[in-house]
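Heads up, the thing below is written out as structure tokens.
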2 protein chains.
Amino acid sequence: MATKRLTQKDIARLAGVSQATVSLVLNGSADDTRRIPEQTRVRIQDVIARTGYVADPVARRMVKGRNDILGVFTYEPAFPSAQADFFAPFLFGIEEAAHQCGYDLLLMTAAARGTDGRKKIFDETNRLRLADGCLVLGRNFDREELAQLVEGDFPFVAVGRRDDVGSPVPYVGADYAAATGELVAQAQAHGHRAFAYVGPSEGAESTVDRWRGFSNALQPSALAVHWPEVDSDPQELLQAVRDAGATVAFFTELADAIPFRRLAIAEGLSVPGDMSVVVLGSHLRPGETGTAFTTYAIPREEMGRRATLALVDRLEGRAGLEQTLLSCERVEGETLGPPKTNE
Amino acid sequence: MATKRLTQKDIARLAGVSQATVSLVLNGSADDTRRIPEQTRVRIQDVIARTGYVADPVARRMVKGRNDILGVFTYEPAFPSAQADFFAPFLFGIEEAAHQCGYDLLLMTAAARGTDGRKKIFDETNRLRLADGCLVLGRNFDREELAQLVEGDFPFVAVGRRDDVGSPVPYVGADYAAATGELVAQAQAHGHRAFAYVGPSEGAESTVDRWRGFSNALQPSALAVHWPEVDSDPQELLQAVRDAGATVAFFTELADAIPFRRLAIAEGLSVPGDMSVVVLGSHLRPGETGTAFTTYAIPREEMGRRATLALVDRLEGRAGLEQTLLSCERVEGETLGPPKTNE
DNA sequence: TCCATGCGCTAATACGTATTAGTTATGCGT
DNA sequence: ACGCATAACTAATACGTATTAGCGCATGGA
């Protein structure tokens, strides 16, 4: 029977006590509880068991100010299949850690969009504060919103490095710069002297970090060509790279590397002999592309896990603002090797 | 500066009005709002904008009784990688539909465990009612808990068919029985006359449905062997199937079919010539196993999507209890064919 | 006999918002 | 000058729980 929802008042009436007593039986301190005689306690527990009453978590949260829920905020919808391979690993890690710590997850991917069409955290329908704290996820996090978040009293941790916005932003990220630098060093060790970089050098932090790692590891003269556009015509791109005399191409996007390699081979080049291809962090499952690209693995699950733990530490007063970079494991692959010497 | 959280009272004080007025400006009906002069409204809006105030969703929910959040309850943790391929598609569908309808998702996989070690919905830390309604997910849903849920006034929809528990359970499931029946028919059309069934016939609804579809489509005499154990020794299993003279084996678990086929081939049998193998619904990505098994695809995303829409319909008073079975698309594969005639 | 003590409970309040039923001031008509 | 309508608000309350202060009663000691 879909009757009205039970409240403590109902339980109290049925047990012949006051609402306060019911509440005390449910969550009084040891002191309080001991002051309620066995008999009364049992009577109340009986009614509760019989009726299947459970306390309303909303009311509870109003009073206690917390409810063991972690919000997960993303700009881009996290799940739609196109994004799934990218986001899912973060969520796996987050869920695992949250579960471990006894928290539930509130997924907020549906916030309203502002007049500029961007999703906003601080809008009137914001449900963020239902949670005790939140994790923020997504590549293109709005700077202003982030600043507002930092400014406010709402605890959060970003998954992925974020630049300071006035104050430092707590995060657990991946060390793209170091990982990229290592790949550059490896290519240099193989004897490469002319590099191509395909992908932007500005924008999101992750983009900047890759570029920084790349250019810091390289003597400037070794950069044969920087092709900032993404998803451009492979033909045109390959032409430019060959014209520049580059023997290795670094890609920020796997989606660009795949047709590039295919076309190179179609044009009679050997990979990696004539043209090495390096991808800067992939999110496709190995084997799914048919090619084992040389790259590094972004520890997405671990990032999620660690960010969650950092947030919980903050919530439970065990730690302050944390900024951590996890290292990326190199994936050897088969697309980076010594250049053929045609001299 | 982590100051105290702003409330409407603060805004009211700053704007020189009462809390009620602030609330009216924020969400008064058109009537109410028109009665507040432009000047006052602007003054209040200014303060709100300046301070970045947002209403506390918890308090809001207390009053309004809803907050556009859908709970997703699973017994098994949904994300840990082992389960990921199974659960993720449901969540993709759910998230997509929820997003579309303007709902956020509360993932509850962390509920406490009862004394029997099982997770419970109705325990004292239950956060279910934070949401407006919920979706329940998972193979081994506790009958008693489900009954309690049906009995209560909390709206929910199950993903996957559920038996009645006193009253009917609203669900959106997949029609395993029909899909299984079709595969049996196809095998029969190929000329198979002796069938093996590897997997249980009792337990969760999905298990029962498969078995029902199987045995309904088959004349009883054609069942050469029913091997109810899962994950048993392939050697022993293959022996039993061959001894029984079966020419086709139906598996409820892909994990059983893989070593079975491998062993059969190792022993010189051709698949499907000497031994056909059919899998009853798979959750691995095609190609990942290296073999294209004949099976059917469980429309997991669609199930999630439809269940979510059904729940939202219920919440918004557009529909009542719904019980829907979606059909599963056949995956031809290469492991079912006509048996070699050795006569 | 009277006060102190402890027991077993309850009244009252806070949490932050939405909403309804007013209340005060102002203008208008007569 | 008086009532009456209307504009522009506000006071009060409800939502369901946790928590604190405290009340009435019985008992014990002086």
**Prompt:** To the nearest 0.5 Å, how far apart are OH in A:Tyr171 and CG in A:Leu321?
**Reply:**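 Reported value, rounded in 0.5 Å steps: 9.5 Å.
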**Prompt:** Which distance, rounded to the nearest 0.5 Å, do you find between the CG of A:Leu309 and the CD of A:Glu302?
**Reply:**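 A:Leu309 atom CG to A:Glu302 atom CD measures 8.5 Å (nearest 0.5 Å).
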Starting from [atom2] on [N], measure out to [atom1] on [X] and report it in whole angstrom.
{"X": "B:Glu38", "N": "D:dA8", "atom1": "CD", "atom2": "P", "answer": "12 Å"}
{"X": "A:Ile36", "N": "C:dT10", "atom1": "CD1", "atom2": "C1'", "answer": "11 Å"}
{"X": "A:Arg66", "N": "C:dC15", "atom1": "CZ", "atom2": "P", "answer": "19 Å"}

Heteroatom pairs (N/O) under 3.5 angstrom, protein to nucleotides 16-18 of chain D:
| from | atom 1 | to | atom 2 | distance (Å) |
| --- | --- | --- | --- | --- |
| D:dT17 | OP1 | A:Tyr53 | OH | 2.5 |
| D:dT17 | OP1 | A:Asp56 | N | 3.1 |
| D:dT17 | OP2 | A:Gln8 | N | 2.7 |
| D:dA18 | OP1 | A:Asn27 | OD1 | 2.9 |
| D:dA18 | OP1 | A:Arg60 | NE | 2.7 |
| D:dA18 | OP1 | A:Arg60 | NH2 | 3.1 |
| D:dA18 | OP2 | A:Gln8 | NE2 | 2.9 |
| D:dA18 | OP2 | A:Ser23 | OG | 2.9 |
| D:dA18 | OP2 | A:Asn27 | ND2 | 3.3 |
| D:dA18 | N7 | A:Gln19 | NE2 | 3.3 |
| D:dA18 | N6 | A:Gln19 | OE1 | 3.3 |

**Message:** Has B:Arg300 got a side-chain atom pairing as donor or acceptor with B:Leu91's backbone, closer than 3.5 angstrom?
**Reply:**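 No: the side chain of B:Arg300 does not pair with the backbone of B:Leu91.
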**Asked** Under 3.5 Å, side chain of A:Arg127 to main-chain N/O of B:Asp68, donor-acceptor pair present?
**Response**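 Yes, A:Arg127 side chain to B:Asp68 backbone: donor-acceptor pair under 3.5 Å.
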**Asked** With a 4.0 Å cut-off, would you call B:Asp46 and B:Arg43 a salt bridge?
**Response**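 No, no charged N to carboxylate O under 4.0 Å.
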**Request:** Identify whether the distance between the nearest side-chain nitrogen and carboxylate oxygen of A:Arg161 and A:Asp163 falls below 4.0 Å.
**Result:**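 Yes, this pair counts.
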**Message:** Looking at B:Thr21, I'd like to know whether one of its side-chain N or O atoms comes within less than 4.0 Å of OP1 or OP2 on D:dT10.
**Reply:**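 For B:Thr21, the contact criterion (side-chain N or O under 4.0 Å from OP1 or OP2 of D:dT10) is met.
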